[in-house]
A.B. asks: 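What follows is a single structure, and I will ask about it in a moment.
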Amino acid sequence: MESIARNQLTVAQVQHLEDANQNPLTGKSWPQDHEGILQGRRRLPVYGRYQEILDNYHQSQVMILSSETGSGKSTQVPQLLVYDEYESGLQIACTQPRRLAATELASRVAEEMGVNLGEEVGYKIGGDHNVNQNKKKTRLAYMTEGVLLRQLRSDKLLSAYACVIIDEAHERTVDLDLLLALLKKVISRRKDFKVVIMSATMDTKLFQEYFDNCPLVHFPGLKFEVKTFYTAPEETGPDFVTLAAATVVHIHKNQEPGDILVFLPGENEIEKVCSMVRRNAKDLDVFPLYSSLPSGDQRLALDSSGPNRKCVVSTNIAETSLTIANVVYVIDTGLSRQLVYNPRLRLNMLEVRLISQASAKQRMGRAGRTKNGVCYRLYSKAVYDSMAPSTEPGIHCASIDSVVLNLVASGYRKLIDFDWLDAPHPESLARAAQHLQDWELLKDDGSLTRSGRLASKCPLDPIWYRAIEIGAKFGCSLDILDIALLCSSQKSIFIRPAGYRQAADLARTAFADPLSDHLTLANAFNTYMRVRQLNDQKNRPKIDLERWCTRHFLNMRALEEIDIKRGEMGASLEDTCKITPGRTSITDTTSVRKVLAIAFCTHTAIYRSGDTYRTVHENTPALLSPHSSLVGGNYEWIVYTAFQTSGRRQYLETATAINAEWLVDLPFFQDSRLPTTGDRLLRQENVKRSLDRARARI
DNA sequence: TTGTGGTGT
């Protein structure tokens with residue numbers, strides 16, 4: 001393949017470009033503050049390593065840059081490569097695991113390069129692209145990993161790009177693992193294409209081996225020293241909440257000024273620590289921080305700076321996603337809630353577990369961003385040594401239905417032999433393939449059905465795409481789309497603020513459908529949409545939507561996001577998937593429940609006693625979620641959206657009561673598919689009896 | 001007798 005002529009630059013040449021009178025990217029003079037910005041950039045730890053980086057970049061198709069946070073690599077390396085690749089006329093992509101990082105880095109780097117955001121430097125995140133329409137003009141695009149994966153589907157050679165920089169590779173998202181595997185293919189087919197992997201120091205060996213022992217450049221990150229103290233084993237114990245609160249009070253009373261950041265597993269522990277600290281420390285501003293906190297309260301924790309010392313008590317959200325300025329003291333409990341996946345049961349377990357050493361270092365680093373800091377680890381050195389070196393890759397932590405579907409759609413068949421960075425659990429793979437067949441998205445020979453091909457292009461879990469298709473047959477595809485988005489959205493539309501839990505739960509009953517949590521979600525959403533539409537009519541008093549939402553304990557931002565998404569997706573489902581739009585939920589909720597029964601036939605449970613059910617195909621006991629509107633209904637058959645543990649109990653999340661008659665004709669419910677023991681006896685006799693009674697009723 | 005970390009197309 002013909003290689004594109006390269007102008008391999010030296011550091012001196014790059015500096016010359018940066019020091020020139022005119023901006024080489026725009027041909028115009030630099031903005032006024034250019035000189036100051038340039039001096040700041042040249043003080044970053046990465047700056048002294050430019051030649052080494054360029055030399056390796058020129059010699060190898062893949063290289064790894066490792067350094068801890070604070071080195072400036074996320075902002076500086078892309079700029080360096082923009083100049084180096086300028087002659088190719090192609091773009092540089094830099095991927096990020098999170099949307100916020102992609103947009104913020106883009107705007108900072110646009111400023112540093114003296115260009116307008118969205119011209120030479122831009123970003124692409126799902127549903128929001130801010131790059132120049134003229135592809136030749138854009139030189140650097142920050143994007144989420146998911147966006148680049150999506151582009152790979154339509155352009156397998158990534159022909160618009162000279163180089164892809166993968167940032168935060170150590171976070172090991174599912175998208176990252178997929179992306180690296182697919183980029184490996186691009187590398188072998190395009191000799192002019194390069195990949196730079198940027199990671200914290202922990203995983204570099206794994207990446208190096210994966211990419212044929214490619215070169216590695218390491219440079220220091222932290223600019224400031226963080227002193228670390230461990231806790232003596234006899235002082236640690238199960239009551240890390242009290243210990244954390246006491247440590248805050250101790251620092252506040254005895255240590256130099258400087259803000260405090262505490263890491264805890266979740267909301268409950270955070271609110272406890274906050275109230276203990278408030279009781280025992282004066283002149284200290286205490287803020288909780290976690291993702292379900294309303295964004296106004298989050299801003300308070302991030303932005304506020306008054307005369308008092310500040311203490312932020314946070315989940316992992318402050319480890320990577322949000323940065324709190326001026327933290328000097330970090331208190332690390334060594335714990336976080338982590339999603340643990342059981343592939344056999346397809347069960348999600350949210351468990352409090354020991355963090356990894358990589359995560360502990362990341363937490364520690366939060367203390368040394370602006371000056372020297374101190375990190376108090378509320379565990380012993382022996383416990384630290386026992387921690388896993390790095391955090392479990394995402395591909396081991398969740399179901400991989402959509403991963404399998406997407407790889408098959410990209411032309412891969414034998415996924416057990418796929419060149420994984422870390423292979424998923426074989427049972428995960430087998431279960432995913434089996435379910436995709438049960439949902440009629442994969443054929444027996446492992447190829448895609450027509451529905452499977454369309455589902456692979458749909459930004460929803462495959463099971464939801466199939467539900468929408470079935471919905472079309474029952475005239476309610478739009479209802480199912482709404483429900484799919486409501487169930488898939490990161491933020492719940494129902495809010496339960498601390499101190500108002502009961503009031504919030506009571507408010508929710510106003511929307512409750514006694515037979516279906518899915519329809520309860522749809523009712524709340526539809527009610528909001530009707531109230532909003534009333535505001536559009538003339539000669540009516542306007543309703544304050546924010547206040548209306550607050551009064552009904554609804555999250556208006558979540559509702560608005562769903563409205564935007566359903567508009568976009570509704571149109572594309574109709575255009576490309578030929579799905580007939582239809583809505584019945586107002587007059588005919590039975591159709592919606594029927595569709596859910598058929599689509600979620602792999603997720604059924606049968607009644608036992610109390611609020612206890614038993615999942616049919618995994619044969620496992622579970623409770624209705626305490627919030628479910630089905631509680632007390634004792635319905636014989638239900639379908640559920642997710643199966644998860646919290647604490648010691650297993651819950652079925654978002655359930656709908658169904659009739660056995662709706663199941664009996666499905667292939668999945670023929671006698672041969674019911675789970676049996678080793679002796680071929682049915683595991684649950686009552687399942688067969690109930691199905692037989694239903695067949696007799698038809 | 002009931003309860004939850006963080007992401008993304």
Side-chain angles (χ1 to χ4, degrees), chain A residues 95-102 124-129 143-154 168 171-179 263-271 289-293 314-322 333 335-340 348-353 355 359 362 391-395 397-398 402-403 405-406 409 455-462 464-465 484-485 488-492 494-496 498 501-502 504-505 561 565 568-569 572 610-612 622-628 631-632 642 644-653:
Chain A
T95 68
Q96 297 292 324
R98 283 169 292 281
R99 299 160 59 105
L100 190 66
K124 298 177 186 177
I125 59 176
D128 182 12
H129 287 200
M143 59 188 74
T144 53
E145 292 162 348
V147 165
L148 189 62
L149 268 181
R150 188 45 60 116
Q151 289 188 9
L152 262 163
R153 296 289 296 280
S154 52
E168 312 282 11
E171 290 193 24
R172 293 299 302 280
T173 59
V174 176
D175 282 352
L176 172 95
D177 281 23
L178 269 178
L179 205 46
F263 285 103
L264 285 157
E267 178 178 347
N268 200 349
E269 295 92 343
I270 286 169
E271 295 294 349
L289 182 63
Y290 42 86
S291 80
S292 62
L293 201 65
S314 172
T315 59
N316 256 1
I317 196 170
E319 194 181 299
T320 49
S321 306
L322 300 176
T333 56
L335 300 168
S336 72
R337 278 206 168 71
Q338 295 164 34
L339 195 65
V340 183
N348 296 315
M349 297 180 284
L350 201 53
E351 287 191 343
V352 176
R353 290 202 168 185
I355 59 173
S359 181
Q362 180 75 22
T391 308
E392 185 91 351
I395 202 146
C397 305
S402 60
V403 172
L405 187 72
N406 284 318
S456 77
K457 293 179 184 154
C458 173
L460 281 171
D461 273 344
W464 278 117
Y465 175 79
L485 291 170
S488 313
S489 139
Q490 286 165 23
K491 288 202 165 184
S492 168
F494 296 119
I495 46 176
R496 301 180 75 231
R501 297 273 153 85
Q502 284 186 320
D505 293 344
E561 264 172 40
K565 276 193 186 157
E568 294 165 358
M569 287 190 56
S572 89
D611 285 319
T612 310
L623 289 165
L624 283 174
S625 151
H627 293 315
S628 171
V631 165
Q644 47 198 28
T645 59
S646 91
R648 265 195 237 140
R649 297 161 196 280
Q650 305 181 84
Y651 291 99
L652 302 171
E653 295 286 315

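We name chains A, B, ... by the order of the sequence lines, and we start the count at 1 in each one.
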A.B. asks: Can you find a side chain N or O atom of A/Gln490 that sits less than 4.0 Å from OP1 or OP2 on B/dG6?
C.D. replies: no

A.B. asks: Give a yes/no on whether any side-chain N or O of A/Ser321 is located under 4.0 angstrom from OP1 or OP2 of B/dT7.
C.D. replies: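 Yes.
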
A.B. asks: Quick check on DNA chain B: between A/Asp461 and A/Asn268, whose nearest nucleotide comes earlier from the 5' end?
C.D. replies: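 Checking each residue's closest nucleotide, the 5'-ward one belongs to A/Asn268.
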
A.B. asks: If you assign each of A/Ser292 and A/Asp505 to its closest nucleotide in DNA chain B, which residue comes earlier from the 5' end?
C.D. replies: A/Asp505

A.B. asks: Please state how far atom CD in A/Glu145 lies from atom P in B/dT7, giving the value in whole angstrom units.
C.D. replies: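 Checked: the CD to P distance equals 14 Å.
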
A.B. asks: Just to be sure I understand the rule, does A/Ser625 reach a base, reach only the sugar-phosphate, or reach nothing, if contact means heavy atoms closer than 4.0 Å?
C.D. replies: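 Base, at least one base atom sits under 4.0 Å.
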
A.B. asks: If you look at every strand shown and take non-hydrogen atoms under 4.0 Å, does A/Leu339 touch a base, only sugar-phosphate, or nothing?
C.D. replies: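 A/Leu339: base contact, heavy atoms under 4.0 Å.
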
A.B. asks: Is a donor on one side and an acceptor on the other found under 3.5 Å between the side chain of A/Ser154 and the backbone of A/Gln151?
C.D. replies: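 It does hold such a pair.
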
A.B. asks: Could you check if a side-chain atom of A/Glu267 sits within less than 4.5 angstrom of a side-chain atom of A/Thr315, using non-hydrogen atoms only?
C.D. replies: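 A/Glu267 vs A/Thr315: side chains apart.
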
A.B. asks: When we call it a touch if two heavy atoms are under 4.0 Å apart, what does A/Tyr290 touch: a base, just sugar-phosphate, or nothing?
C.D. replies: sugar-phosphate

A.B. asks: Are A/Ser291 and B/dG6 close enough that a side-chain N or O sits under 4.0 Å from OP1 or OP2?
C.D. replies: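 Yes, A/Ser291 has a side-chain N/O under 4.0 Å of OP1/OP2 on B/dG6.
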
A.B. asks: Side chain of A/Ile317 only, heavy atoms from C-beta on: which candidate in B/dG5, B/dT7, B/dG3 is closest?
C.D. replies: B/dT7

A.B. asks: Check the pair A/Met349 / A/Gln644 against side chain to side chain contact (heavy atoms under 4.5 Å, CB included), numbers first and verdict last.
C.D. replies: CA-CA 5 Å; A/Met349 297 180 284; A/Gln644 47 198 28; over 6 Å; no

A.B. asks: To the side chain of A/Arg337, which of B/dT2, B/dT7, B/dT4 is closest?
C.D. replies: B/dT4

A.B. asks: Base, sugar-phosphate alone, or nothing: which one does A/Glu653 contact when heavy atoms must sit under 4.0 Å apart?
C.D. replies: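 Here A/Glu653 touches the bases of the nucleic acid.
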
A.B. asks: Mind checking if A/Ser488 touches a base, just sugar-phosphate, or nothing, with heavy atoms under 4.0 Å?
C.D. replies: base

A.B. asks: A/Tyr651 OH to B/dT4 P: how many Å, rounded?
C.D. replies: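 In whole Å, B/dT4 P lies 8 Å from A/Tyr651 OH.
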
A.B. asks: With a non-hydrogen cut-off below 4.0 angstrom, is A/Leu149 in contact with a base, only sugar-phosphate, or nothing?
C.D. replies: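 Nothing, no heavy atom under 4.0 Å.
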
A.B. asks: Can you find a side chain N or O atom of A/Ser402 that sits less than 4.0 Å from OP1 or OP2 on B/dT9?
C.D. replies: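 Indeed not, no polar side-chain atom of A/Ser402 lies that close.
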
A.B. asks: Between P on B/dG8 and CD on A/Glu168, what's the gap in Å once rounded to a whole number?
C.D. replies: 13 Å

A.B. asks: With respect to the side chain of A/Arg98, which nucleotide from B/dG8, B/dT9, B/dG5 is positioned closest?
C.D. replies: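 It is B/dG8.
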
A.B. asks: Do A/Leu335 and A/Arg353 have side-chain heavy atoms sitting under 4.5 Å apart?
C.D. replies: no

A.B. asks: Can you check whether A/Thr315 has a side-chain N or O nearer than 4.0 Å to OP1 or OP2 of B/dG6?
C.D. replies: yes

A.B. asks: Using atom CG of A/Asp175 as one end and atom C1' of B/dG6 as the other, report the distance to the nearest whole Å.
C.D. replies: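 Interatomic distance, CG of A/Asp175 to C1' of B/dG6: 14 Å.
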
A.B. asks: Quickly, which of A/Arg98, A/Gln96, A/Met143, A/Arg99 forms a side-chain contact (heavy atoms from CB on, under 4.5 Å) with A/Ile125? Name it, please.
C.D. replies: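 Considering A/Arg98, A/Gln96, A/Met143, A/Arg99, a side-chain contact (heavy atoms from CB on, under 4.5 Å) with A/Ile125 is found only for A/Arg99.
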
A.B. asks: How is A/Pro97 classified with respect to the nucleic acid when contacts are heavy atoms under 4.0 Å: base, sugar-phosphate, or nothing?
C.D. replies: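 Sugar-phosphate, backbone atoms only, no base.
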
A.B. asks: When you measure from the side-chain N and O atoms of A/Arg99 to the phosphate of B/dT9, is any distance below 4.0 Å, counting only OP1 and OP2?
C.D. replies: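 Yes, such a contact exists.
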
A.B. asks: Quick one: does A/Leu339's side chain get under 4.5 Å of A/Asn348's, heavy atoms only?
C.D. replies: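 A/Leu339 reaches A/Asn348 side chain to side chain.
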
A.B. asks: Can you measure A/Leu322 atom CG to B/dT7 atom P for me and round it to whole angstrom units?
C.D. replies: 7 Å

A.B. asks: What is the distance from CD1 of A/Ile270 to C1' of B/dG5, rounded to the nearest Å?
C.D. replies: 9 Å

A.B. asks: Would you mind reading off the distance between A/His129 atom NE2 and B/dT9 atom C1', rounded to a whole angstrom?
C.D. replies: 10 Å

A.B. asks: Measure from CD on A/Gln338 to P on B/dG6 and round the result to the nearest Å.
C.D. replies: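 Going from A/Gln338 (CD) to B/dG6 (P), I get 13 Å.
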
